[in-house]
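Below is one structure, written out as structure tokens; the observations come after it.
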Amino acid sequence: MTSQIRLSIAGMSCAGCVSSVEKSLLAVEGVDEAIVNLGERTASVSGDIAVSSLIAAVKQAGFEAAELRSLADESEKESLELHEYQRLWWRAISAGIIGIGLFASGMGGFLPGIEQSPNTWRVISFISLLVLILVGGHFFRGAWAALKSGRGNMDTLVALGTGTAWLYSTYVVLSPSSLPELARHVYFEAAVIIIALVSLGSALESRARGKTSAAIKQLIGLQATSAKVIRNGIELQVDVADIGLDESIRIHPGERIPVDGEVFEGTSHVDESMLSGEPMPVEKMTGDRVVGGSLNTQGSFLMRATGIGEETALARIIEMVRRAQSSKPQIGRLVDRVAAVFVPVVILIALTSMMIWYFFGPEPQIAYAIVTAMTVLVIACPCALGLATPISIMVGVGRAAESGILIRNGEALQSASQLTTIVVDKTGTITEGRPRLSACITSEQYDEKTALEFAGSLETGSEHPLATAILNALEERHLRVKTVTDFKALSGYGVEAIVDKQKLRLGNNRLMLENQVDISKLENQAATLANNGATVVYLSVDQQLVALLAITDPARADSAEAIKRLHKLGLKVIMLTGDNTSTARAIADSVGIDQVIAEVLPEDKARKIMELQKKHETVAMVGDGINDAPALAQANVGIAIGSGTDVAIESADIALMRNSIEGVAEAIALSKATISNIKQNLFGAFIYNILGIPIAAGVLFPFFGILLSPIIAASAMSLSSVTVVSNALRLRRMKLDEVS
């Protein structure tokens, strides 16, 4: 049976590590997919496998792994990361003090010459070795593990660079006479300061990375830990994990709702901003649904648990956000291919540089050769390259979740940034989705009461919004439905059944015309109603037209502004609906929609999307995620619009947790910003390495006499990864309501 397993991975430092862990996981029999996130230091694995096999594979690759199953596991992971963060600071400070001391002593002339006092330099060599072992030992252990696995990573570069510096310097101290006088220069302070700077960079990066998972931490923090459950008439305080389905729970003012449920006694106002992003509390009465994690602001009520544990909306949202943050867009896979060869290429460049300086460089060739090779190894930064994509994805997806926008994966994020056309459903998307009966025009033989009773009888049990409008009208007028037999629902047309031994049909004009019902007598009235934005439903008895029912569903107050924002983003907006052309055009004109495709059967909506794609349009379909499922699947990006637990999370690439099309513009704007951020990070990482590595190799020396110091190289390498993370964090400060 296929399962989803989440692992914490310790010891990863760059894109090469990610590639190694992914390959080791994918090599395990039964694994269907493995995605490793460098930013979060986690792996998401799906397939029919045992967790022990995955952990063993990760250990074989030279890393540590543990399964993440509960909040306790997450807390332990955070605790370990905090401990590692503190250790990195200790390493940076301790190595920095020693390194700066050596550097200052040398520059100030306080240290004797090597030939004058070799024992002093032997002590310095030993102290430097202790720093490399005690403070920088994890670099060498990581490099050794990588070598055993036949790969290279950032640890490899740092270990080679600092190790080369120490070995050469120690050789100079032990046998100075074997080298030319100009080559008798040591680099102990460089090796120690490199360890300090890389550790400092890792600490700063770790701190910044902690902020990228703020959205997940915020969602997890919404989960209540206990609740007041009523059992055998007694109110008991129990852990949330012990709540059972259908149990009665009392919610007091100021308490978080522990699980999903339904109110069966009392009224209140509930703050659901954690789901929808809307700040105004929502009134809750008997029969209304409430969502775990939302906050009861005032009033006390009793609720019945309908969703517990992993089945709550909040738990599903947390899981969806985690998966999205761990996913990779197409641009990320390109980086993976580059990262796989990055370290070997850097080592090759370092060796080539070393050979060129040794054979063709000025005196002392050996010193120049060692310095340039060391500087090339230290300045190269696979860490920045590896973080460029996942960090932006983590922040972008988290920022979206905070605004009630759930993005399924990185592919959806990238596709949303490339959209050219937005196709929207009408009912419940552009309109409020709460239609009401506004007029009933009958023929001479029937009165309004009879017509409504017939219509209501046909719509009994239907959940269609138009049916709800008719049934509400019956309830308001205290009318009764009749017994129905031989009921048939005709998708895209309407319904038909036998009532009082008569054949009744209720639906659109196509239904009437296909059954030879003459609608000409009321055609003018129907046209007038449709032109005013009403949906016209025809009712016939046997072959005779009985009545026209006008159902109005006004456009949402924010639809016009949302369409305007989509236009500002350079997008064309099309309404795709099964309603008649006149009604659809009236609604579209009122909100500024460019084009209307009306009178489309549900099964034909996906075909219309395909036709647009054949015209080289990149299309997003916006619908309720249930009735429009085929069209949502066909579109390049499917966007489900809904509220609370009603949103069809599983049917779309992007799910909006609030009933507003404004979220579409926000989701697209954020997608564009996130992909742009990824490109900025990648550009910065590539340009840094493309410029930094040749400069470190000494290409400027023949022209300007400039040779980069290994210490400067280490500073640049550390800052490059911190810069990437800091740039991604800018997405957290985006004001989506101002983006256009």
Side-chain angles (χ1 to χ4, degrees), residues 287 426-428 431 433-530 532-553 577-583 598-603 626-627:
K426 180 176 76 68
T427 304
T431 64
R434 293 191 294 270
R436 61 182 182 84
L437 182 71
S438 58
C440 178
I441 301 172
T442 62
S443 62
E444 297 174 357
Q445 294 89 344
Y446 289 85
D447 58 19
E448 182 178 303
K449 174 179 177 296
T450 304
L452 286 177
E453 286 179 344
F454 280 154
S457 300
L458 287 170
E459 295 288 23
T460 301
S462 173
E463 295 181 355
H464 193 282
L466 299 184
T468 302
I470 294 171
L471 293 171
N472 286 341
L474 256 71
E475 187 176 345
E476 290 169 5
R477 293 164 174 78
H478 305 291
L479 302 178
R480 296 182 178 180
V481 297
K482 299 175 179 292
T483 303
V484 172
T485 59
D486 297 335
F487 176 86
K488 288 182 183 178
L490 308 169
S491 179
Y493 291 89
V495 295
E496 66 179 30
I498 303 296
V499 177
D500 292 343
K501 299 181 180 180
Q502 300 175 97
K503 185 76 167 184
L504 269 62
R505 294 185 177 89
L506 182 71
N508 54 30
N509 59 346
R510 295 196 303 273
L511 178 63
M512 300 296 114
L513 295 174
E514 287 202 4
N515 289 281
Q516 291 79 48
V517 176
D518 183 10
I519 61 173
S520 59
K521 290 182 180 180
L522 297 178
E523 206 160 9
N524 290 336
Q525 292 96 318
T528 301
L529 292 167
N532 289 328
T535 298
V536 179
V537 179
Y538 296 80
L539 174 66
S540 70
V541 176
D542 293 329
Q543 300 302 114
Q544 182 182 359
L545 183 65
V546 168
L548 297 177
L549 305 179
I551 298 171
T552 55
D553 184 14
T577 178
D579 214 336
N580 70 75
T581 302
S582 299
T583 301
E599 301 182 26
V600 180
L601 297 175
E603 58 267 28
I626 301 170
N627 297 330

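The structure presented is a predicted model; accordingly, all values stated were derived computationally and were not measured.
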Taking the side chain as C-beta and beyond, is there a heavy-atom pair between [X] and [Y] under 4.5 Å?
X	Y	value
L529	I441	yes
T552	R436	yes
R505	Y493	no
V499	T483	no
L506	Y538	no
N508	V537	no

So, does [X] use its side chain to make a donor-acceptor pair with the main chain of [Y] at under 3.5 Å?
X	Y	result
S457	E453	yes
Q543	N515	yes
T577	K426	no
S582	A530	no
T583	A534	yes

Could you state the interatomic distance from [atom1] ([X]) to [atom2] ([Y]), rounded to the nearest 0.5 Å?
X	Y	atom1	atom2	value
L522	M512	CG	CE	11.5 Å
L511	S540	CG	OG	6.5 Å
L549	E459	CG	CD	9.0 Å
Q544	Y446	CD	OH	5.5 Å
E448	L479	CD	CG	8.5 Å
I470	T460	CD1	OG1	10.0 Å

Derivation of the side chain to side chain contact (heavy atoms under 4.5 Å, CB included) call for V484 and I498: CA-CA 6 Å; V484 172; I498 303 296; over 6 Å; no

Which atom names give the shortest non-hydrogen contact between A547 and A451, and what distance separates them? CB-CB, 3.9 Å

Looking at A469 and I551, what are the two nearest heavy atoms and their distance? CB-CG2, 3.9 Å

Suppose we screen for side chain to side chain donor-acceptor pair (under 3.5 Å). Which residues come up paired with T581, at least two apart in sequence or across chains? E599

For the pair K503 and E496, find out whether any cationic side-chain nitrogen is under 4.0 Å from an anionic carboxylate oxygen. yes

Whether R510 and E514 form a salt bridge (side-chain N of Lys/Arg under 4.0 Å from carboxylate O of Asp/Glu) is what I want to check. no

Should S443 and K521 be marked as a side chain to side chain contact (heavy atoms under 4.5 Å, CB included) after you check the CA-CA gap, both sets of side-chain angles, and the distance that decides it? CA-CA 9 Å; S443 62; K521 290 182 180 180; over 6 Å; no

I'd like to know whether CD of E475 has more than 12 heavy-atom contacts from other residues, nucleotides or ligands below 6.0 angstrom. no

Given the options L545, L452, L458, T442, L539 meets side-chain contact (heavy atoms from CB on, under 4.5 Å) only with L458

Under the side chain to side chain contact (heavy atoms under 4.5 Å, CB included) rule, what do D553 and T535 come out as? Steps first, then yes or no, please. CA-CA 8 Å; D553 184 14; T535 298; over 6 Å; no

